[in-house]
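Written out below as structure tokens is the structure these notes cover.
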Amino acid sequence: MFTDHMTLICHVIDKMADLPPPVQNLAEAKVDHDRYANIKEKFVKKYNCEPKFYARAPGRVNLIGEHIDYCGYGVLPMAIEQDIVIAVCPTSDNQLYLSNTDDKFRDFQCSMTNFEINKAKPDWHNYVLCGVKGMTEFISLTNPVGMQCMVDGCVPNSAGLSSSSALVCCAALATMQANNQSRSKKEIADMCASCERYIGTQGGGMDQAISFMARPGTAKKIDFNPLSEEDVILPEGVAFVISNCCVEKNKAATSDFNTRVVECRLAMQVMAKSKELQWQECKNLADLQNKLKLSLQDMAGIVEACLHKEEYSKQEVCEILGVTAEKLAETSLSANTLHVEKFRLYQRAGHVYSEARRVEEFQRICKEVPSDAAQRLGTLMNQSHESCSQQYECSCTELDDLVNLCIKSGAIGSRLTGAGWGGCAVSMVPSSELSEFLRKVKDGYYVVRGLESRVDEALFATQPGSGAAVYIQS
Ligand code: GLA
């Protein structure tokens with residue numbers, strides 16, 4: 001009887017990603033009603049009418065599995081409470097009106113169907129346009145309704161907490177609701193991962209997946225191709241703390257992110273070629289593993305055997321693959337990495353395969369909960385940071401300093417989270433030592449660096465939050 005009940009619950013939870021995001025009356029929703037009243041007030045002031053509904057999509061913190069989603073490997077994020085909210089009133093004039101509660105983001109207006117997404121200068125409204133375009137095409141709307149929008153965000157920007165994806169997801173959800181359409185969380189998440197690439201960054205699907213599929217109280221293991229999710233219950237007695245090193249990094253504004261994506265692709269192509277596979281038919285490092293029918297551990301051996309530690313020049317890669325530089329640009333590069341001449345393939349592929357193993361191990365420990373679970377998870381987080389910093393080179397001095405300080409201040413594990421090159425660390429801290437930890441990190445990082453005024457938004461404990469939703473103004 002008990003087992004049947006459990007199976008039923010699991011089945012229902014399993015199916016939740018196949019449902020659309022929840023639509024609820026605002027008055028009944030468990031939200032900060034003062035915040036929504038404030039957004040509404042600004043909306044009324046701007047547009048002289050009331051919003052009909054609010055779309056919200058959360059940011060996320062990734063606990064482990066960095067820079068491996070776009071290689072086809074599973075990741076382990078949880079949604080955070082901080083989110084993007086868009087108050088919307090549909091209009092009949094086919095225009096998109098954007099305003100932000102924060103004046104530093106300037107107003108913008110364009111047609112719902114005819115606009116350019118500026119990759120060279122990724123201003124805030126371009127992320128909204130990605131979501132609008134993605135959803136309009138996805139549901140084949142030739143004549144979408146217009147929208148007056150007031151956007152309010154509290155996900156720190158350029159901090160590795162996925163503020164940009166939350167904005168894309170929220171805009172897509174708003175467009176769907178305004179047009180009285182409904183699609184499953186899974187479908188929307190998949191679509192949002194693709195449409196965010198209009199901005200030029202070749203990210204994976206982690207941020208969009210967790211923004212839609214999150215559930216309070218649980219982290220998620222997210223897998224791709226096809227997209228799926230599974231609850232990961234974190235051990236008791238620990239808290240997860242986010243700390244921002246306050247170095248800002250907008251991943252769409254430089255080529256660093258796409259260079260890593262390209263290095264992983266080239267590593268996969270060079271290994272595939274040396275294993276006499278059709279390298280142009282391999283999709284990513286996970287696909288290569290599947291085609292070779294090997295374990296992740298075996299793949300570490302393939303990296304050793306097929307790749308050298310020294311940098312590869314573009315010419316060397318061309319010679320190995322037997323293509324011209326023009327052909328390589330077509331098969332392997334992105335628009336903003338055409339200028340890159342040197343690639344580290346051994347280090348990048350080494351990171352990906354080892355990080356994919358750490359994710360599996362992390363999930364296994366959370367399932368089995370051995371007596372030293374927290375210690376073992378902490379060790380995996382530390383190893384992940386070391387690999388991101390040394391092999392993947394996506395950290396920076398400030399972030400490395402902050403991670404070290406977090407460990408010294410009592411964290412069992414600490415690592416950079418998100419794209420890196422700045423932004424946040426996530427630390428696992430015994431709950432009993434949380435206040436002491438926060439004090440030490442505040443003094444040792446923020447006070448020392450004259451960043452004391454930023455502590456409230458930059459250093460906080462977090463819980464697994466809920467996913468995207470629509471609230472109807474009653
Ligand atoms: C960004 C991308 C994600 C993922 C992370 C790094 O957030 O949007 O898809 O690649 O970086 O793990």
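Since this is a predicted model, take the numbers as computed values, not measurements.
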Taking the side chain as every heavy atom from C-beta outward, state whether [X] and [Y] have any atom pair closer than 4.5 Å.
X    : Y   : value
W124 : L98 : yes
V151 : V85 : no
N62  : E66 : yes

inquiry  = Please list all pairs meeting ring pair (Phe, Tyr, Trp, His ring centres under 6.0 Å) that have one or both residues in residues 359-390, counting only residues at least two apart or in different chains.
reply    = none
key: Any donor-acceptor N or O pair under 3.5 Å, side chains D400, S395   =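 D400 vs S395: donor-acceptor pair found between side chains.
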request  = Give a yes-or-no answer on whether the side chains of E196 and Q208 include a donor-acceptor pair shorter than 3.5 Å.
outcome  = yes
query = Is R415 reaching over with its side chain to a backbone N or O of L63, donor-acceptor style, under 3.5 angstrom?
reply = yes
Expected output: side-chain D123 to main-chain H125 donor-acceptor under 3.5 Å = no
task = Would you verify whether the NZ or CZ of K133 falls within 45 degrees of the ring axis of Y198 while also being under 6.0 Å from that six-membered ring's centre?
result =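 Judged by the rule, K133 and Y198 form a cation-pi pair.
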key: Mutual orientation of the aromatic rings belonging to F257 and Y70 [parallel < 30°, tilted 30-60°, perpendicular > 60°]   = perpendicular
Y73 and Y353 aromatic ring geometry - parallel, tilted or perpendicular at 30°/60° bounds =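 Y353 and Y73: perpendicular rings.
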message = What I want to find out is whether K327 reaches E330 closely enough, with some N-O distance under 4.0 Å, to be called a salt bridge.
response = yes
request  = Begin with the C-alpha distance, continue with both residues' side-chain angles, and end with the deciding distance and a verdict on salt bridge (Lys or Arg N to Asp or Glu O under 4.0 Å) for R357 and E360.
outcome  = CA-CA 5 Å; R357 280 179 75 188; E360 286 186 352; over 6 Å; no
